Amino acid sequence: MALSMFQIKRWYLMLTGKSVWHVNQDIGKCFEKDEILGYYNNMVEKVTKMPELLDSTELPKLNLENGKFTYFPVAIFQYGLGCYDLFLLTKEKRYERKFLQCVEWTLEHQDDKGRWNNFSHYCPKTPYGAMAQGEASSLLIRAFIHTGKKEYMAAAKKAVDFMLLPLEEGGTTKYKGNDTFLMEYTFKNVVMNGFIFSWWGLYDYVVATHDQGKYKRILDSTLKSLMKILPNFKCSYWSMYSLDGLIASPFYHNLHIAQMQAMYQLTGEQIFEDYAKRWTRQQKNPLCKCIAFLRKSIQKILE
């Protein structure tokens, strides 16, 4: 495989934690269980690393090869969630303005089926995924709570409804026996961080609507499925990115720790705290970190 300098630089920045798209994302700073406040993962650095966007009409763009740029919906959703947390923490109006701009972009770019074309730059034949649907839902629900505008909640419902459609019907959820999996990529195996980001979108919808029917049942089913497969995301020295056998980069390993911590606070399930502690110990072990870095580097080269 021929590697371009662009790919090498991008992978280096990601693997070393210096990419603006892979900044620190520890546990959220202002969320509460069973109440819609701040987000469960800390997206603040998504904003502070790109402060030039705050006082402009520009939104985050993904830098593609050959000098091309594109809007990446997940990046905009996450930037908006970071702005909302910053507004809650500081009460500064510029964060509120940017949050609402991200919300309006989200509303305008949702199609009539409730979807966002998230992966058009990567896999145009299968551009939809549960993570995009879930994060958009989380953003829109916070906008509804903040403004009272019903169109935001209606859009969040459409987002969740499409997310929960079976893969066979063009949706982003895999139903297999008694298990339910939220698929970040519909053509790959389960990705842990994407599953959890998706689950948070459904969780927010259940909390905001007080639903005790269909959505609550699927929320419970997906939680049980996640806990069931969680052991498959561990190895003797690190965490795995996906069930395709890909190991997590340092960024994603740290993200997994933060997600486990948040999931423990939201659900009270001990397994999440156990994995947070396990992966924290491994993250602090220089040998574990070195082995994982080398393995991930090799996997990136062979992709």
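Throughout, residue positions are numbered sequentially from 1 according to the sequence presented. Note that this is a predicted model, so its numbers are computed, not measured. Atoms considered below: every heavy atom in the structure, side chains included; atoms not considered: hydrogens, waters and symmetry mates.
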Asker: Mark yes or no for whether Gln299, through its side chain, and Gly245, through its backbone, hold a donor-acceptor pair below 3.5 Å.
Answerer: yes
Asker: Indicate whether any N or O donor in one side chain lies under 3.5 Å from an N or O acceptor in the other, for Tyr252 and Gln259.
Answerer: no
Asker: Between the main-chain N or O of His256 and the side-chain N or O of Asn193, is there a donor-acceptor pair closer than 3.5 Å?
Answerer: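 No, because the side chain of Asn193 does not come within donor-acceptor range (under 3.5 Å) of the backbone of His256.
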Asker: Which atom pair, heavy atoms only, marks the closest approach of Gly201 to Val160?
Answerer: O-CG2, 4.3 Å
Asker: Would Lys91 count as a cation-pi partner of Phe87, with NZ or CZ less than 6.0 Å from the six-membered ring centre and within 45° of the ring normal?
Answerer: yes
Asker: Find out whether Tyr84 and Cys102 are in side-chain contact, i.e. whether some heavy atom of one side chain is under 4.5 Å from a heavy atom of the other.
Answerer: no
Asker: Considering only heavy atoms from C-beta outward, does the side chain of Ile218 approach that of Tyr175 to under 4.5 Å?
Answerer: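 In short, these two side chains touch, coming nearer than 4.5 Å.
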Asker: Would you call the rings of Trp200 and Phe197 parallel, tilted or perpendicular, where under 30° means parallel and over 60° means perpendicular?
Answerer: perpendicular
Asker: Side chains of Glu273 and Gln270: is there a donor and an acceptor less than 3.5 Å apart?
Answerer: yes
Asker: So does Lys157 pair up with Asp161, basic N to acidic O under 4.0 Å?
Answerer: yes
Asker: What I want to check is whether the side chains of Asn41 and Gln25 have a donor and an acceptor closer together than 3.5 Å.
Answerer: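 Present: a donor and an acceptor within the cut-off.
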Asker: Can you find a pair of side-chain heavy atoms, one from Trp238 and one from Lys296, that are under 4.5 Å apart?
Answerer: no
Asker: Is Lys61 positioned over the aromatic face of Tyr71, cation under 6.0 angstrom from the ring centre and no more than 45 degrees off axis?
Answerer: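 Geometry flag: set, cation within 6.0 Å and 45°.
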Asker: Using a 3.5 Å distance criterion without hydrogens, assess whether the side chain of Asn118 forms a donor-acceptor pair with backbone atoms of Val74.
Answerer: yes
Asker: Looking only at the side chains, is there a donor atom on one of Ser138 and Asp204 sitting less than 3.5 Å from an acceptor on the other?
Answerer: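 Their side chains do contain a donor-acceptor pair, which is all the 3.5 Å distance test asks for.
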Asker: Hey, what else clusters with Leu294 if you join Ile, Leu, Val, Met, Phe, Trp, Tyr whenever side-chain heavy atoms sit under 4.5 Å?
Answerer: none
Asker: Side-chain contact test, heavy atoms from C-beta onward, threshold under 4.5 Å: evaluate it for Leu86 versus Glu92 and give yes or no.
Answerer: no
Asker: Kindly work out whether a path of hydrophobic side-chain contacts (I/L/V/M/F/W/Y, heavy atoms less than 4.5 Å apart) joins Leu89 to Leu54.
Answerer: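 No.
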Asker: Donor-acceptor pairs under 3.5 Å, side chain of residues 123-136 to any protein atom, not counting sequence neighbours: which ones?
Answerer:
unit_1	atom_1	unit_2	atom_2	d
Tyr128	OH	Arg115	NH2	3.4
Gln133	OE1	Trp116	N	3.3
Gln133	NE2	Gly114	O	2.8
Gln133	NE2	Ala159	O	3.0
Glu135	OE1	Gln78	NE2	3.3
Glu135	OE2	Gln78	NE2	3.1

Asker: Do Leu182 and Leu164 come within less than 4.5 Å of each other through their side chains, counting heavy atoms only?
Answerer: yes
Asker: Does any donor atom in the side chain of His146 or Glu96 lie under 3.5 Å from an acceptor atom in the other side chain?
Answerer: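 The answer is yes; a qualifying pair exists.
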Asker: Between Asp220 and Lys224, does at least one N-O distance fall below 4.0 Å, as a salt bridge requires?
Answerer: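 Salt bridge between Asp220 and Lys224, a charged N being under 4.0 Å from a carboxylate O: no.
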Asker: For the pair Tyr203 and Trp199, name the ring-plane relationship: parallel under 30°, tilted 30 to 60°, perpendicular over 60°.
Answerer: parallel
Asker: Ion pair present between Asp179 and Lys228, side-chain N to carboxylate O less than 4.0 angstrom?
Answerer: yes
Asker: Are the side chain of Asp244 and the backbone N or O of Leu246 linked by a donor-acceptor pair below 3.5 Å?
Answerer: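 Judged by distance alone, no pair lies under 3.5 Å.
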Asker: With heavy-atom distances below 4.5 Å as the criterion, would you say the side chains of Asn24 and Asn254 are in contact?
Answerer: no
Asker: What I want to check is whether the side chains of Gln282 and Lys289 have a donor and an acceptor closer together than 3.5 Å.
Answerer: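 No - no donor-acceptor pair under 3.5 Å links their side chains.
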Asker: Under 6.0 Å from the six-membered ring centre of Tyr40 and within 45° of its axis: does the NZ or CZ of Arg142 meet both?
Answerer: yes
